[in-house]
Visitor: 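Once you've had a glance at the structure underneath, I'll fire off some questions.
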Amino acid sequence: MKLSFSSRVVGAEIHCDIGSDVAVSAPIFCFSLMAAPRVISGGTLVNRFAGFAEVALPDIAAGAVHKVVLAYDNREYRPRNRLWLPQGAYLKMGKTCLPLPPGTAQGVLPAEPPLAQPLPGGTLPLVPRPQNWSPSKGTLQFFAVSSLDQRLDAVNDLAQRAHFAPFRDDSGTPLTILEDPDLTSEAYRLEVTTTGLTIAANGPAGVHYAAITLLTLRETMGGQIPCGTISDSPRFGYRGQHLDCARHFFSVDTILRLFDLMALLKLNRFHWHVADDEAFRLEVSCAPALWQKTAFRGEGCLVPGVFGGGIRSGGTYSKADVATILARAAALQIEVLPEIEIPAHSFAMIKAVPGLRDPGDNGEERSVQGYLDNIVNPAMPATWALLEPLMLEVAGLFPMGTLHLGCDEAPHGAWSGSPAVAELKRAEDLDTSDDVQGWMMARLAATLVANDIRPAAWEEAAKGKNGGIGNGALLFSWTGQGPGVEAARRGYDVVMCPAQNAYFDLAYTADPNDWGAAWAGHLPLEKTVAWDPVPAGAEDIAPRVAGVQGCLWGEVVTEDWQMEALLAPRILGTATKAWESAGATSGSVLRSLAAAYGPVLDQMAWRRHKGA
Ligand code: ACM
């Protein structure tokens with residue numbers, strides 16, 4: 001049996017053609033959109049769950065093509081680009097499910113690159129650019145270092161994995177490594193002469209970053225490295241990349257590949273989003289039901305095939321996987337920050353573990369993604385019985401000693417229909433949902449602190465009349481920088497990841513052939529550096545800004561490889577903002593640097609968006 005499928009945008013509508021080479025009786029057309037769909041013609045909507053839908057079709061005769069016309073239920077939503085067409089589509093006939101072909105090309109497509117200007121004279125093709133570069137005369141013909149220092153092992157291994165030439169070779173350039181106690185732990189000095197190399201650093205991180213600089217310059221300059229001295233150190237200690245592995249289960253190999261790219265750009269924090277409405281993906285001993293029941297979504301699962309999940313997709317990260325990820329991260333100077341995501345975005349958790357909702361709750365809470373009742377209830381004993389051991393077990397798996405609790409996007413009117421929360425409000429003198437959330441987060445955070453774990457959360461955790469989560473939490477400002485500034489002024493340390501500049505699930509452009517979301521606008525490469533982590537007028541918060549992070553949400557990814565061109569080259573902007581001094585690199589220089597990195601990414605077989 002051969003099925004065909006295609007879909008296209010016609011104004012506000014989505015026109016789908018479904019064909020079969022043999023007769024099909026009463027098929028159900030199953031698919032997901034970015035948000036709830038409606039059917040305009042060609043079938044009857046029989047089931048809908050967030051963006052997932054089942055549409056009953058009439059019989060399709062052998063060789064015939066049946067047309068279904070869809071639209072977004074919210075009349076303000078229009079299909080923006082190919083991502084907004086049906087994803088993960090399949091036909092269900094009785095108990096049999098058969099996948100439909102994707103219908104259109106998937107993921108970010110390469111396009112003609114806009115013309116990059118040559119790099120300004122004296123600019124090293126290196127991202128992030130070093131704080132200081134003093135050229136001298138001459139050029140070093142460099143192909144490898146001659147050094148047995150073990151602190152170079154990780155860079156040599158990275159070179160091999162990235163399909164670069166070996167970084168170390170007995171007949172390479174002699175390298176001297178000096179300890180300089182006056183340098184900070186990530187700082188380094190790299191002196192290049194026509195006959196040798198000297199690295200000065202104060203510990204393994206500095207040596208590692210100096211080696212990364214050398215490796216990168218070899219790749220971007222064809223082994224002709226200008227002589228001189230680089231003196232370098234990062235502006236921020238937190239230089240992160242987030243990856244949503246809940247909406248899409250990325251393989252361990254893909255995560256390790258991402259670590260190589262992060263390491264090349266001197267990014268040092270991996271924010272691992274392993275839980276959301278769709279799944280809890282970490283193997284934990286304290287609550288096996290949580291990951292065992294939610295690992296897969298699709299037919300017969302607790303969560304249907306939302307966000308292109310199709311007939312069945314997913315997976316769990318085992319404890320062995322976590323060990324593999326942590327070992328590679330440590331070698332590359334990356335720390336891993338796990339996120340378990342509560343109280344909202346917890347649909348899967350609520351379905352897997354009984355007792356997390358108030359049975360007397362008669363309110364209706366609809367999340368922005370269209371989930372009903374996806375927030376756990378802090379007045380239920382089962383909530384605490386699950387969360388307290390869960391937090392401690394997850395945090396205990398990760399040496400960073402910080403646990404991200406989530407806390408974004410509580411649905412409007414959360415808990416307003418819950419008699420148990422009404423009682424909790426009376427008992428704890430809480431007025432609003434924000435107060436209840438703040439109280440809950442503070443209680444969880446205090447438990448973490450009592451166990452020597454630092455709490456972290458999205459910006460919303462600062463809400464509530466008790467001051468929110470408190471307890472020295474690290475907050476992530478994502479709707480913009482305003483909430484981060486406000487939180488910093490109230491004493492929180494903050495990581496800046498404003499969606500408008502740092503959310504790589506956003507499409508680069510408004511082109512209907514592009515791929516990605518658009519709720520915070522489009523994000524061309526230049527915009528990734530058109531901001532400052534310490535915004536003008538908020539210089540007072542500088543000591544509270546821990547750093548910068550790029551985020552990549554999985555709603556826009558159905559295959560691992562699609563992540564690559566969403567990240568590259570925009571991840572260069574994250575590295576620039578996180579490491580360099582304010583305003584050091586303009587958008588047009590970043591464009592030129594991205595052009596210089598093109599062959600390096602190609603060598604790594606890392607897809608990139610060329611028409612950003
Ligand atoms: C978020 O993007 N909801 C943190």
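Bear in mind the structure is a predicted one, so any value in this text is a computation, not a measurement. Read the numbers this way: they start at 1 and go in the same order the structure lists the ligands and their atoms.
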Visitor: Report yes or no: is the cationic atom of Arg281 (NZ for Lys, CZ for Arg) closer than 6.0 Å to the six-membered ring centre of Phe249, at no more than 45° off its axis?
Guide: no
Visitor: For Tyr77 and Tyr72, take the angle between the two ring planes, folded into 0 to 90°, and tell me which bin it lands in: parallel under 30, tilted 30 to 60, perpendicular over 60.
Guide: perpendicular
Visitor: Hey, which of His404, His345, His273 is the one that makes ring pair (Phe, Tyr, Trp, His ring centres under 6.0 Å) with Trp458?
Guide: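 Only one option passes, and that is His404.
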Visitor: Atoms of ligand 1 less than 4.0 Å from Trp553 heavy atoms?
Guide: 1 (C), 2 (O), 4 (C)
Visitor: Any donor and acceptor pair, going by atom type alone, linking the side chain of Asn374 with main-chain N or O of Phe347 inside 3.5 Å?
Guide: no
Visitor: What protein heavy atom sits nearest atom 2 (O) of ligand 1, and how far off is it?
Guide: Tyr503 OH, 2.6 Å
Visitor: Between Leu552 and Asp505, which heavy-atom pair has the shortest distance, and what is it?
Guide: CA-OD1, 4.2 Å
Visitor: Output all residues satisfying side chain to side chain donor-acceptor pair (under 3.5 Å) with Tyr238, sequence neighbours left out; order by chain, then residue number.
Guide: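 With neighbours one apart ignored, the set is Gln549.
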Visitor: Flag Trp478 as yes when one of its N or O atoms lies below 3.5 Å from any N or O atom of ligand 1, and as no otherwise.
Guide: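 Looking only at distances, the answer is no, because the N/O contact criterion of under 3.5 Å is not met.
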Visitor: If we set the cut-off at 4.0 Å for heavy atoms, which region of Phe476 has an atom near ligand 1: side chain, backbone, both, or neither?
Guide: neither
Visitor: I'd like to check which ligand 1 atoms, numbered from 1 as shown, lie under 4.0 Å from a non-hydrogen atom of Glu409.
Guide: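 Here the atoms of ligand 1 in question are 3 (N).
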Visitor: Any N/O of Trp458 closer than 3.5 Å to an N/O of ligand 1?
Guide: no
Visitor: Within the 4.0 Å heavy-atom shell around Asp408, which atoms of ligand 1 are there?
Guide: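 Listed by number with element, the hits are 1 (C), 3 (N), 4 (C).
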